[in-house]
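Order of appearance sets the numbers: ligands from 1, and atoms from 1 within every ligand. For reference, positions follow the sequence shown, starting with 1. No hydrogens, no waters, no symmetry mates; every other heavy atom, side chains included, goes into these values.
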Amino acid sequence: MSHQLPPLRCTRCHTEYPVESLVWHCPCGGVLDVADFGARLPGRSELATRPATLWRYAEALPVPELAEVSLGEGMTPVVPAVGLADARVKLEYLSPTLSFKDRGAVMLATLAKLLGVRRLIADSSGNAGTALSAYAARIGVPCEIYVPASTSPGKLGQMRAHGAEVHLVEGNREDAARAAKAAAEAPDASYASHMFHPYFLHGTKTFAFELWEQGMPETVVLPVGHGTLLLGAYLGFQELLAQQLIPRLPVIIGVQSANCGPLAVAADTGSPSPAVITPVPTRAEGIAIAEPARGEAILAAVAATGGTILGVTDDQVHTARAELAAAGFYVEPTSAVCWAAIQAARTGAAPASPAWATATPHLTGPLTLALSGAGLKSPN
Ligand SMILES: *Cc1c(COP(=O)(O)O)cnc(C)c1O
Ligand SMILES: [Zn+2]
């Protein structure tokens, strides 16, 4: 091994594992994080000379830079929202495979290439699978994706176009995850899970670094299912704070579907753990996660910033998606949840609940929201 890769550490029992072991969770039941590796951001004058991809932060990433794995991911634009002078929109749907998942997928693909992994397995509600399919194709490694049978045809077509073997699993998102974990037990397989593999979060943390360059917001509004964008952003903001590049963490407001909102329910009741819920189907398929793998970490992260997690209804999502389209942003319904929450807070349509009471002052002030995935994949 010519590169020194930072090891993984269990968040519960603190056992360390070399990343080369392809371990994706601890036998104690804990999830893994990357052990400290002294991430550093280059100075602004140095950054000005770098390409407009997330590899501009190479010193802060847990893998050595391998330009040939890049599809040009990162450095998505930030533009003003229409109609709200104090809201800005980060266009994550302009990523190479049309969602923010490319930020994490490029880390997993780079790692897979370094380690000589022969087969990648993942489960997905769609966009993690399309991202991994594209990056697996880029490194020439076969890839199998387990998805709920109800996944949008546009996403399935995209995975197959990149050469992935797509397995349609009857049932919900959790059933797809179980099937993928079972398949990943095979000796030549590696579970490239966006929610379990912590290198994914070190890709999505570049979302925060970019906001630092593009203008730090007071409040960031993000969609949440497994929390890979939210936890990555939180990690990035923490690293910026540790290097004294920002004076404080921005307030992070996460938004779920009320039909499948274990974190929103927990935030409202003040519980540190995701609520046990019975999920109802939702238009927001990309965040229909009943059992978020890092749920406690998500709740702790938003609380540490003074933020919270909200739930929005499918009707609000439908309206918000149309409003975004009318403003020129064509995103999938999942990506409209943040706009729906902002509108609810600003029009007084928000429910009288503890989480909304916490969020409303922030949602009615200056903020940046993420538009996470493109509309063409999910026409309804
Ligand atoms: C995956 C996804 C999300 C949610 O990401 P999590 O990591 O599950 O929180 C939001 N929007 C889109 C478009 C996605 O693909
Ligand atoms: Zn452990």
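Ring geometry for Y191 against W24 counts as perpendicular: the plane angle is over 60°, on a 0 to 90° scale with 30° as the lower cut.
The ring pair (Phe, Tyr, Trp, His ring centres under 6.0 Å) analysis of residues 29-51, with sequence neighbours excluded, yields the pairs F37-H202. Applying the ring pair (Phe, Tyr, Trp, His ring centres under 6.0 Å) test to residues at least two apart or on different chains, none of the pairs has a partner in residues 229-248.
At a 4.0 Å heavy-atom cut-off, ligand 1 touches T228 through backbone and side chain alike. Under 4.0 Å from ligand 1, not a single heavy atom of M195 appears. Residue-level proximity to ligand 1 for Y93 is absent, since no heavy atom of it falls below 4.0 angstrom.
For atom 5 (O) of ligand 1, the nearest protein heavy atom (residue, atom name, distance) is F100 CZ, 3.4 Å. Closest to atom 8 (O) of ligand 1, if we only count protein heavy atoms, is H226 N, 2.7 Å. Atom 12 (C) of ligand 1 has S372 OG, 3.3 Å as its closest protein atom, hydrogens excluded (heavy atom only).
Atoms of ligand 1 lying under 4.0 Å from any heavy atom of P223, numbered from 1 in the order shown and given with element: 10 (C). When each atom of ligand 1 is checked for a heavy atom of S335 under 4.0 Å away, the hits are 13 (C). Short contacts between ligand 1 and G225, defined as distances under 4.0 Å to a heavy atom of the residue, involve ligand atoms 6 (P), 8 (O), 9 (O). In summary, the atoms of ligand 1 found under 4.0 Å from a heavy atom of G373, numbered by their order in the structure, are 13 (C). Atom numbering of ligand 1 starts at 1 in the shown order; those under 4.0 Å from a heavy atom of K101 are 1 (C), 2 (C), 3 (C), 5 (O), 14 (C), 15 (O).
Polar contact check, I287 against ligand 1: no nitrogen or oxygen pair lies under 3.5 Å apart. The shortest N or O to N or O distance between N127 and ligand 1 is below 3.5 Å.
Around the Zn ion (ligand 2), the protein atoms of type N, O or S that sit closer than 2.8 Å are C10 SG, C13 SG, C26 SG, C28 SG.
Applying the ring-ring contact (aromatic ring centres under 6.0 Å, His included) criterion to W212, with sequence neighbours excluded, gives no partner residue.
Side-chain contact check for E332 and Y93: no donor-acceptor pair (N or O, by modelled atom type) lies under 3.5 Å.
Within 6.0 Å of the CZ atom in R346, the count of heavy atoms belonging to other residues, nucleotides or ligands exceeds 12.
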